[in-house]
Amino acid sequence: MMTADNQTFSAPINFILTGFTGTKESNIWMAIPFCVMYIAALFGNALLLFIILTQQSLHEPMYLFLSMLATADLLLSTTTVPKILDLFWFKAGEISFVSCLTQMFFIHFSFIAESAVLVAMAFDRYVAICNPLRYTTVLTKAVSGKMGLAIVTRSFCVVFPVIFLVKRLKFCRTNLLPRTYCEYMGIARLACDNITINLLYGVAMGVLAFVLDAVLIAVSYVLILRAVFRLPSNKARLKALRTCSSHICVILMFYPPSFLSYFTYSLGHILPDYILNLLSHFHLLIPPTFNPIVYGVTTKAILNRVIKVFYRCYSRSFLLS
């Protein structure tokens, strides 16, 4: 195990995740909401994927993108929360350098993929409302599949260089990582090298994943609102807006926590470390936990299917008893 000294080395054997400094006595209790939200995220997203895959009527572009969103949420939460619970309950903060890089890759990959999926869903809503007669010809299964492949390819190509940008660094200060998970800039700041390139690439990732995608979504909704207010009746306007309600809720649950997490380092001189650490977890917990709930409640086709699944399970358990 490497500790803080003046020795320079290519990479530490491992990192030590320190978690919420200053609140160690309450870590066990803090783990409870993390565990509950993780179980809810696993169950909700797995159920959503099961319903979409097994229901033929849901094999449409909107539900394809929704299944990609659920997959990204599962990947994000499963990559991070089990290690966080391990740290809180068993004080097992040690993580190997390779495992840390792997976790870092999947965290950022899931992030960028989810942001791109939200853009694709905004485009889906734009076509459905602004060009409803052309919806089936514009968003065919082939086009939707290519969009899905583009999302995965973009996410991989953007995040993959991060691994090499971290591996090139030399570490000589400490192997104590003041987080509960491995994050790109958190690791880079432990290096004794010049990390200007790392900082610039981190900014570029943020601009691509958040600013550019957010702008594209905003443009889509400007065009959607313009089309909606041209509709002849209030009933038609409300119906059109209702089809966007779940997507808007998911956007509001994804981007504000993501922006907050992205700027936590710049708030270090304003807020205590443990508060910044807590804020940096919102983007890991809120979207995976609540996205399936939002779509399950607001999407009639999914809600009806969920009710049928639970009714069948209840009927079988009743018959067996």
Side-chain angles (χ1 to χ4, degrees), residues 61-62 64-73 75-77 80 106-130 139 144 146-159 161-162 183-185 199-229 240-267 276 279-295 298:
M62 182 180 77
L64 169 65
F65 299 137
L66 182 54
S67 65
M68 292 186 66
L69 190 72
T71 303
D73 283 337
L75 183 61
L76 177 62
S77 56
T80 55
F106 283 112
I107 287 173
H108 293 292
F109 176 86
S110 303
F111 244 153
I112 295 174
E114 185 156 344
S115 181
V117 170
L118 291 177
V119 174
M121 295 174 85
F123 177 69
D124 173 88
R125 293 299 84 203
Y126 163 75
V127 177
I129 293 174
C130 298
L139 278 172
S144 301
K146 289 176 182 178
M147 290 175 66
L149 181 61
I151 289 170
V152 174
T153 303
R154 186 192 82 152
S155 304
F156 180 83
C157 291
V158 170
V159 180
V162 166
E183 182 261 340
Y184 172 51
M185 288 311 304
L199 287 171
L200 291 174
Y201 197 80
V203 171
M205 278 205 308
V207 169
L208 177 65
F210 302 131
V211 179
L212 179 60
D213 287 353
V215 168
L216 291 174
I217 291 172
V219 170
S220 297
Y221 271 97
V222 168
L223 297 174
I224 287 171
L225 289 174
R226 189 178 69 173
V228 166
F229 287 113
L241 290 173
R242 198 176 295 119
T243 64
C244 300
S245 60
S246 52
H247 184 238
I248 293 172
C249 289
V250 169
I251 289 171
L252 293 176
M253 288 190 298
F254 177 77
Y255 282 105
S258 299
F259 276 115
L260 192 61
S261 174
Y262 187 74
F263 289 108
T264 49
Y265 284 110
S266 62
L267 298 174
L276 292 176
L279 293 177
S280 71
H281 288 76
F282 285 177
H283 70 287
L284 301 178
L285 296 171
I286 293 176
T289 303
F290 294 102
N291 284 353
I293 296 174
V294 168
Y295 274 99
T298 60

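Index from 1, following the sequence. It should be emphasised that the depicted structure is a prediction, and the values quoted were computed from it without experimental measurement.
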Trainee: Under the ring-ring contact (aromatic ring centres under 6.0 Å, His included) test, which residues partner His108, sequence neighbours left out?
Mentor: none
Trainee: Applying ring-ring contact (aromatic ring centres under 6.0 Å, His included), can you list everything that pairs with Tyr184, at least two apart in sequence or on another chain?
Mentor: none
Trainee: Could you pull out all residues at least two apart from Tyr201 that satisfy side-chain hydrogen bond (donor to acceptor under 3.5 Å, both in side chains)?
Mentor: none
Trainee: When you compare the side chain of Met205 with that of Val162, does any pair of heavy atoms fall below 4.5 Å?
Mentor: yes
Trainee: Side chains of Cys249 and Thr298: does their closest heavy-atom pair fall under 4.5 Å?
Mentor: no
Trainee: So, using side-chain contact (heavy atoms from CB on, under 4.5 Å) as the criterion, who are the partners of Ala70 when residues are at least two apart?
Mentor: Asn45, Leu48, Leu49
Trainee: Supply the atom-to-atom distance Glu114 CD to Ile151 CD1, rounded to the nearest 0.5 angstrom.
Mentor: 11.0 Å
Trainee: As an exercise, state the distance from CG of Leu285 to CG of Asp73, rounded to the nearest 0.5 Å.
Mentor: 11.0 Å
Trainee: Of all the heavy-atom pairs spanning Ile107 and Leu76, show the shortest one and how long it is.
Mentor: O-CD1, 4.0 Å
Trainee: Rounded to the nearest 0.5 Å, what separation is found between the OG atom of Ser110 and the CG atom of Leu69?
Mentor: 11.0 Å
Trainee: Looking at residues at least two apart in the chain, or sitting in another chain, which of them share a ring-ring contact (aromatic ring centres under 6.0 Å, His included) with Phe254?
Mentor: Phe111
Trainee: Run the side-chain hydrogen bond (donor to acceptor under 3.5 Å, both in side chains) test against Tyr126 and tell me which residues pass, sequence neighbours left out.
Mentor: none
Trainee: So, using side-chain contact (heavy atoms from CB on, under 4.5 Å) as the criterion, who are the partners of Val222 when residues are at least two apart?
Mentor: none
Trainee: Which residues pass the side-chain contact (heavy atoms from CB on, under 4.5 Å) test with Leu139, sequence neighbours left out?
Mentor: Pro61, Phe123, Asp124, Val127, Tyr135, Val143, Ser144, Met147
Trainee: List the residues meeting ring-ring contact (aromatic ring centres under 6.0 Å, His included) with Phe109, not counting sequence neighbours, and say none if there are none.
Mentor: Phe105
Trainee: Please report the interatomic distance CG(Leu118) to CD1(Ile248), rounded to the nearest 0.5 Å.
Mentor: 12.0 Å
Trainee: What residues, two or more places apart in sequence or in another chain, satisfy side-chain contact (heavy atoms from CB on, under 4.5 Å) together with Val119?
Mentor: Asp213, Leu216, Ile217
Trainee: Please list all pairs passing the side chain to side chain donor-acceptor pair (under 3.5 Å) test where one or both residues lie in residues 240-250, with sequence neighbours left out.
Mentor: Tyr221-His247
Trainee: Looking at His283 and Pro288, what are the two nearest heavy atoms and their distance?
Mentor: O-CD, 4.3 Å
Trainee: Test side chain to side chain contact (heavy atoms under 4.5 Å, CB included) on Val117 and Leu66; report intermediate values, then the result.
Mentor: CA-CA 8 Å; Val117 170; Leu66 182 54; over 6 Å; no
Trainee: Show me the pairs that pass salt bridge (charged side-chain N to carboxylate O under 4.0 Å, His left out) and involve residues 249-258, at least two apart or across chains.
Mentor: none
Trainee: Does some side-chain heavy atom of Ile129 sit less than 4.5 Å from a side-chain heavy atom of Cys244?
Mentor: yes
Trainee: Is there side-chain contact between Leu199 and Met185, with heavy atoms separated by less than 4.5 Å?
Mentor: yes
